[in-house]
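For reference, the structure discussed in these notes is given below.
On a predicted model such as this, the values are computed, not experimentally measured, just so you know. Residue numbers begin at 1 in each chain, while the letters A, B, ... track the order of the sequences.
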Number of protein chains: 2
Amino acid sequence: MFKKVIVSDDLTSINLGMLTVLDGLQISNVTSVQYCDDAHLRIQKAAQDGEPFELFITDLSFKKDHREQKYQGGEDLIQELHLKYPDLKIMVYSIEDRIQAVKRLLNEFGIKGYVCKGRRGLIDLHKGILAVHNDEIYVSDGVAQALHKKANLEIDDYDILLLKHVSLGMSQDQISQLCKDKNMSPNSLSSIEKRLNKLRIQFKAKNAIHLVAIVKDLGLI
Amino acid sequence: MFKKVIVSDDLTSINLGMLTVLDGLQISNVTSVQYCDDAHLRIQKAAQDGEPFELFITDLSFKKDHREQKYQGGEDLIQELHLKYPDLKIMVYSIEDRIQAVKRLLNEFGIKGYVCKGRRGLIDLHKGILAVHNDEIYVSDGVAQALHKKANLEIDDYDILLLKHVSLGMSQDQISQLCKDKNMSPNSLSSIEKRLNKLRIQFKAKNAIHLVAIVKDLGLI
DNA sequence: CATGCCTTTACGGGAAACAGTAAGGAAGTA
DNA sequence: TACTTCCTTACTGTTTCCCGTAAAGGCATG
């Protein structure tokens, strides 16, 4: 089993819950922090000392408070850790169940496990740690299904980008210009209209405003 | 101090955290549930038995799972409890920090306290329970400031109604018709345009889509 | 090479949103 | 009453969105 683990969540209760699970797995060398920056420092220090952590479990969203933070959330930190410490296994324990976000974490940021907080959260976390230690990729039930089923709900990054910019008040014309400037593939006004139209149909939205409202509710943007 | 308390949150860890706080306040008769429907049942039962709960602490958002639920979230339940059991004091313990949502809970649903989950969450909860027991209204720090500052941002119910309908995909023309049907005061297309324009300026939005995105982020709708 | 399929792009017409101006009406004040 | 002020409403362009059609390009298959 893992010998040295660090967990990070801003809520004390959650931290305690994770510690309980680790305790149940006979892992005694556990560090717990409440800020992403602290997690980074500890991981850095441990690596420098030649006694690196083997597993890092973190939440995604952290409340801002008086302390100025370099890393605004788990995702920022994970992105950097993945590059600097490829041997460190990273798991995410979060309430977030938006498929797209999870997909990105798994595919681009190389996390080894994703456990969704919920009524069975700690049980899943237990199972997840065992699986990850066994060199498997673990994704807790609800999300796993969604990942497989709706994996290609055919909403890709381009769509998200589009929706994002639309929600920020850019006209379709402006977005077209932007895409041209960035040398992105479909960049004509017409294509952007088509895409948004497709999204409107998919989400059963009456118009662009409705569409943005819907995808915001879904947490897509 | 309160004798009989019920707490509701879908996350085990959070429930445990709340129990710890209550324990620290020497409250021994505590019920803890993980579903809104269960909370409702227990409260109903206790009232029927002539031994009602004095305090109800609940989260706002609950994950959906296999169990079919009548109450989708804390807000639904609170709304009903406020009417049926006016003597029951209700506190909310949630991660949510959108001002408008909190305001509605306080003003319309008569909650006695609002504690924002966070690094100091349990400490605030402790203070909150003491305050509420003392017949005060308690709102934890961060949110309290925001409440006082932006209280009169001069957004009235009519504006909210407008924004709501716009976000649901109705055209300004349709909204105009709707207002006429309901005999609501400013109901001309022109007035609605003007109102929305005013709102756009207030929120520094580039267009209606942007406006809806902004007010959704603020929790206004 | 030809064919069909799909995506991107272009264009046009109608609807809605956006912006500005002006007229009408209610309420308050001198 | 006369005046101001604020709100509602009406009207008129201009821009953007929405929707359909169609042409042009890539790409695989026969």
Side-chain angles (χ1 to χ4, degrees), chain A residues 100 151-218 220-221, chain B residues 152-218 220-221:
Chain A
Q100 206 65 23
N152 29 8
L153 201 130
E154 295 172 16
I155 311 280
D156 58 24
D157 292 344
Y158 183 80
D159 292 317
I160 303 288
L161 188 86
L162 231 54
L163 290 167
K164 191 73 195 167
H165 284 111
V166 168
S167 80
L168 291 175
M170 291 180 69
S171 74
Q172 300 178 2
D173 202 20
Q174 288 174 319
I175 298 176
S176 163
Q177 288 304 322
L178 186 102
C179 287
K180 282 171 184 163
D181 292 348
K182 287 191 179 180
N183 281 336
M184 299 183 60
S185 60
N187 56 35
S188 74
L189 175 60
S190 201
S191 290
I192 289 168
E193 281 180 4
K194 277 229 182 323
R195 282 274 191 156
L196 285 174
N197 185 46
K198 192 196 69 182
L199 289 169
R200 268 205 306 279
I201 294 168
Q202 270 185 42
F203 288 105
K204 305 193 210 313
K206 298 201 184 76
N207 56 33
I209 300 179
H210 194 193
L211 175 63
V212 166
I214 290 173
V215 298
K216 271 196 106 59
D217 281 339
L218 289 176
L220 235 64
I221 56 174
Chain B
N152 39 2
L153 214 129
E154 295 176 16
I155 310 284
D156 60 23
D157 292 345
Y158 184 80
D159 292 318
I160 303 288
L161 187 88
L162 232 55
L163 290 168
K164 191 71 194 169
H165 285 109
V166 168
S167 81
L168 291 175
M170 291 179 69
S171 74
Q172 299 178 0
D173 202 20
Q174 288 174 318
I175 298 176
S176 163
Q177 288 303 323
L178 186 103
C179 287
K180 281 171 186 162
D181 292 348
K182 288 193 179 178
N183 282 336
M184 300 183 60
S185 60
N187 56 34
S188 72
L189 176 60
S190 201
S191 290
I192 289 169
E193 283 180 1
K194 280 235 182 314
R195 281 274 191 158
L196 286 173
N197 186 45
K198 191 196 70 181
L199 290 169
R200 270 206 306 280
I201 294 169
Q202 269 185 44
F203 288 105
K204 305 192 211 314
K206 298 200 184 76
N207 56 32
I209 300 178
H210 194 194
L211 175 63
V212 166
I214 290 173
V215 297
K216 270 194 110 52
D217 280 339
L218 289 176
L220 234 65
I221 58 174

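At whole-Å resolution of the value, CD1 in B:Ile175 and C1' in C:dA17 are 12 Å apart. In this structure, NE2 of B:His210 is placed 17 Å from C1' of C:dA17, rounded to the nearest angstrom. Atom-to-atom, NZ of B:Lys206 to C1' of C:dA17 comes out at 17 Å; the value is rounded to the nearest Å. For A:Asp159 and C:dT7, the CG to P distance is 12 Å, given to the nearest whole Å. At whole-Å resolution of the value, CD in A:Gln174 and C1' in D:dC17 are 13 Å apart. Between the CG atom of A:Leu211 and the P atom of D:dC19 there is a distance of 12 Å, rounded to whole Å. Atom pair A:Ile209:CD1 and C:dA16:C1' shows a separation of 10 Å (rounding to whole Å applied). In this structure, B:Leu199 atom CG and C:dA17 atom C1' are separated by 15 Å, rounded to whole Å.
Minimum heavy-atom separation, B:Leu211 to B:Leu163: CD2-CD2, 3.6 Å. Between B:Ile214 and B:Phe203 the shortest heavy-atom distance is CD1-O, 3.4 Å. Closest of all the heavy-atom pairs between B:Gln172 and B:Leu196 is NE2-CD1, 3.6 Å. Across B:Ala213 and A:Ser167, no two heavy atoms sit closer than the pair CB-O, 3.4 Å. When every heavy atom of A:Arg195 is checked against every heavy atom of A:Pro186, the shortest pair comes out as NH2-CG, 4.4 Å. Closest of all the heavy-atom pairs between A:His210 and A:Lys204 is CE1-O, 4.0 Å.
Looking at residues 178-196 of chain B, you'll see B:Ser185, B:Pro186, B:Asn187, B:Ser188, B:Ser190, B:Ser191, B:Lys194 sit with a heavy atom under 4.0 Å from some atom of DNA chain D. Taking a 4.0 Å limit (strictly below) on heavy-atom distances, residues 160-172 of chain A reaches DNA chain D at A:Ser171, A:Gln172.
For the atom pair B:Asp156 CG and B:Ile160 CD1, the distance stands at 8.0 Å (nearest 0.5 Å).
Put simply, B:Asn197 has a side-chain N or O that comes within less than 4.0 Å of OP1 or OP2 on C:dA19. Contact annotation: A:Arg200 does not reach the phosphate of D:dC17 (side-chain N/O to OP1 or OP2, under 4.0 Å).
Within the 4.5 Å cutoff, no side-chain heavy atoms of A:Ile201 are placed close to those of A:Lys198.
Partners of B:Asp217 by side-chain hydrogen bond (donor to acceptor under 3.5 Å, both in side chains), not counting sequence neighbours, listed by chain and number: A:Lys216.
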